[in-house]
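Report on one structure; see the data block that follows.
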Amino acid sequence: MSIPNTLSQTPTLSEKHSGIPERLLDKAQKAKSLIYETRTQFEAPSRQRGVAIPQGISKVKFFEVLNELRYEIGEEWVELNDKELKGGWYMEHPNTHDMMNILDAEELVASAVVYPGDVEDVQKIVGWANTWRIPLFPISMGRNFGYGGAAPRVRGSVTVDLGKRMNKILSIDPDDYTCLVEPGVSYYALYEELKKRGYDHMWIDTPDLGGGSVLGNALDRGVGYTPYGDHWSVHSGLEVVLPTGEVLRTGMGALPGSNTWQTFPYGFGPYSDGIFSQSNFGIVTKMGMALMPNPGGYESFMYTFPKEEDLAPLMEIIRPLRISNILENVAQLRHCLQTIAVRGQPRSKYFSGRGPIPEEIIHEEMKKTPLGDCTWVYYGMSYGPPHIRKYKLDVVHQEFLKIPGARRIDPSTLPADEYFWSRDKIAAGIPDLEELLWVNWMPNGSHIAFSPIAPIRGIDATKLYSLARKRHDEAGIDLMPAFCVGLREMHLIVEIVFDSSDISMRRKADRCLRDMIDDAAKLGYGEYRTHLVLMDQVAGTYNWNGNALMRFNERLKDALDPNGILAPGRCGIWPERYRGRGWEIGTGEGGGSEGDGVKPDWKERL
Ligand code: EUG
């Protein structure tokens, strides 16, 4: 076992489309060294199952047709995935599998990767996949961590890594406040480009970590923390390669020479964009997005609340403030354990026993922080010039202090490395890297999310919190919930941090997630997004009127992708060729990533 004592430098944006901006390089090196300090597994276990060959084609034939793909796209842009299944970290991660595997490491693995250089290449790849019935799995940056990373749902899929060569910012319009991007543009890259061009009058919106694809995140209906935090709602216009190879542009983009593709999202006729988000109906190659006007000032604020039971009354206070826009952004209410975990130290520093870390220890640790002891921490931001902010902040203060023991923490008392300042940047659309640090809670730290949607009500927050608490206690897992409050609903985000080298911990996490999904569904809550291995289960909870929605999705799938080549099983949507053949993944170590094969409809061609 070799432990690297000098860590290589994180690639920068000037070197790589997926790199870190120079301004964050120090932070990246520190984060990386903390991660490698908690790592116990340095070498990937050797592969027992060999190269992952897609179902329905022989290994010999697959290798043969891969050469055809090489001929079409270029030798250097097709890679066979016959290497060890390496780990990595947020900034330097594999594109052929999930380095945060919840199932056995050899389950969700690609056979090969192809790197298209343009839309024509994507069409060629799709054509090739149709000829040989090869499953494709498109990724943009591949940083969908917590939901499967870059991994394909079907073992042996060919990963279409769009980001490596299709990473241009095609336009930034300083008058309309819009942009048009390709899949490989990260929040880091878009932000740096705005700065470089001196466009200080425009803001972007970023999630907690800035390395993800602007296009990919919006398609997965991801969330950020400025007033433009609902990324899908502020996108305008897609260019899509259909599974059969045709290219279309949605909205105003369908009108040749249109000058409003990025300013009017709907165009004429049915609004088709929705079927290309969280789906497997097309490969999106361009996306337009609105940029936010610089509000002319901003000010973060933080409140702490002492007791677990404060959650319900607090939600009742937050709802009207949020709907009336006194609370202006997707703000976060976090359990204090996250505040401890985000300092980047392993759990073992605080507690080495089994089961969830005891309350007393959490509160002893909180007392040592600049926040002082509390149970909930609210991070918010007020936008606009000082006199506008003052009005809103005064209302917030008056309302929040109705909770006994509530405290406003004066930001000027906080040290420069306090997590608050990371939230301050993110709520101002400045992409950061700090959030990453809580993966160190466990050695070989990995995370996977439970992400239900709920009304902004005390009763709902309590019900979800209690069911999460119960299932975490049963599984012996630490609960670190964060409520992300949208305009009329909230996303509860519970990230389970686990050691991906520990099979028993992986099983417990899997059990806990599946129980929470079922419990939540019984109470009327559904997830807004989920991990690859949970998609069948989550899709199964959206079953009103005899699965009417899934039957509709399947009809669309069969019409648009008759050979079932595009991301089979993504979001629980299986093409006809795979349906009823045991591909669904339930509890356990997987297996469903390979199903019981595919419909033997064209064997004679092999
Ligand atoms: C987070 C937020 C999400 C998500 C996964 C993680 C942030 C954790 C609001 O959506 O889906 C701190």
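Start at 1 and go down the list; that is how both ligands and their atoms are numbered. FYI, side chains are in, hydrogens and waters are out, and symmetry mates aren't considered; it's all heavy atoms of this structure.
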At a 4.0 Å threshold, what atoms of ligand 1 neighbour a non-hydrogen atom of [X]?
X    : answer
V223 : 9 (C)
E495 : 5 (C), 6 (C)
R529 : 11 (O)
I493 : 1 (C), 2 (C), 3 (C), 4 (C), 5 (C), 6 (C), 9 (C), 10 (O), 11 (O)
R334 : 12 (C)
Y147 : 4 (C), 5 (C), 11 (O)
Y528 : 3 (C), 4 (C), 9 (C), 10 (O), 11 (O)

Polar contacts were defined as any N/O atom of the residue lying under 3.5 Å from an N/O atom of the ligand; does this apply to E435 and ligand 1?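 No.
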
Report the part of F483 (side chain from C-beta onward, or backbone N, CA, C, O) that has a heavy atom under 4.0 Å from ligand 1; answer both or neither where that applies. neither

H491 and F483 aromatic centres sub-6.0 Å: no

Any salt bridge linking [X] with [Y]? Criterion: basic side-chain nitrogen under 4.0 Å from a carboxylate oxygen.
X    : Y    : result
D536 : R153 : yes
R322 : E328 : no
D510 : R514 : yes

What is the ring orientation for F305 with Y303, classed by angle as parallel under 30°, tilted 30 to 60°, or perpendicular over 60°? parallel

Look at ligand 1 and say whether F145 reaches it with a heavy atom at a distance under 4.0 Å. no

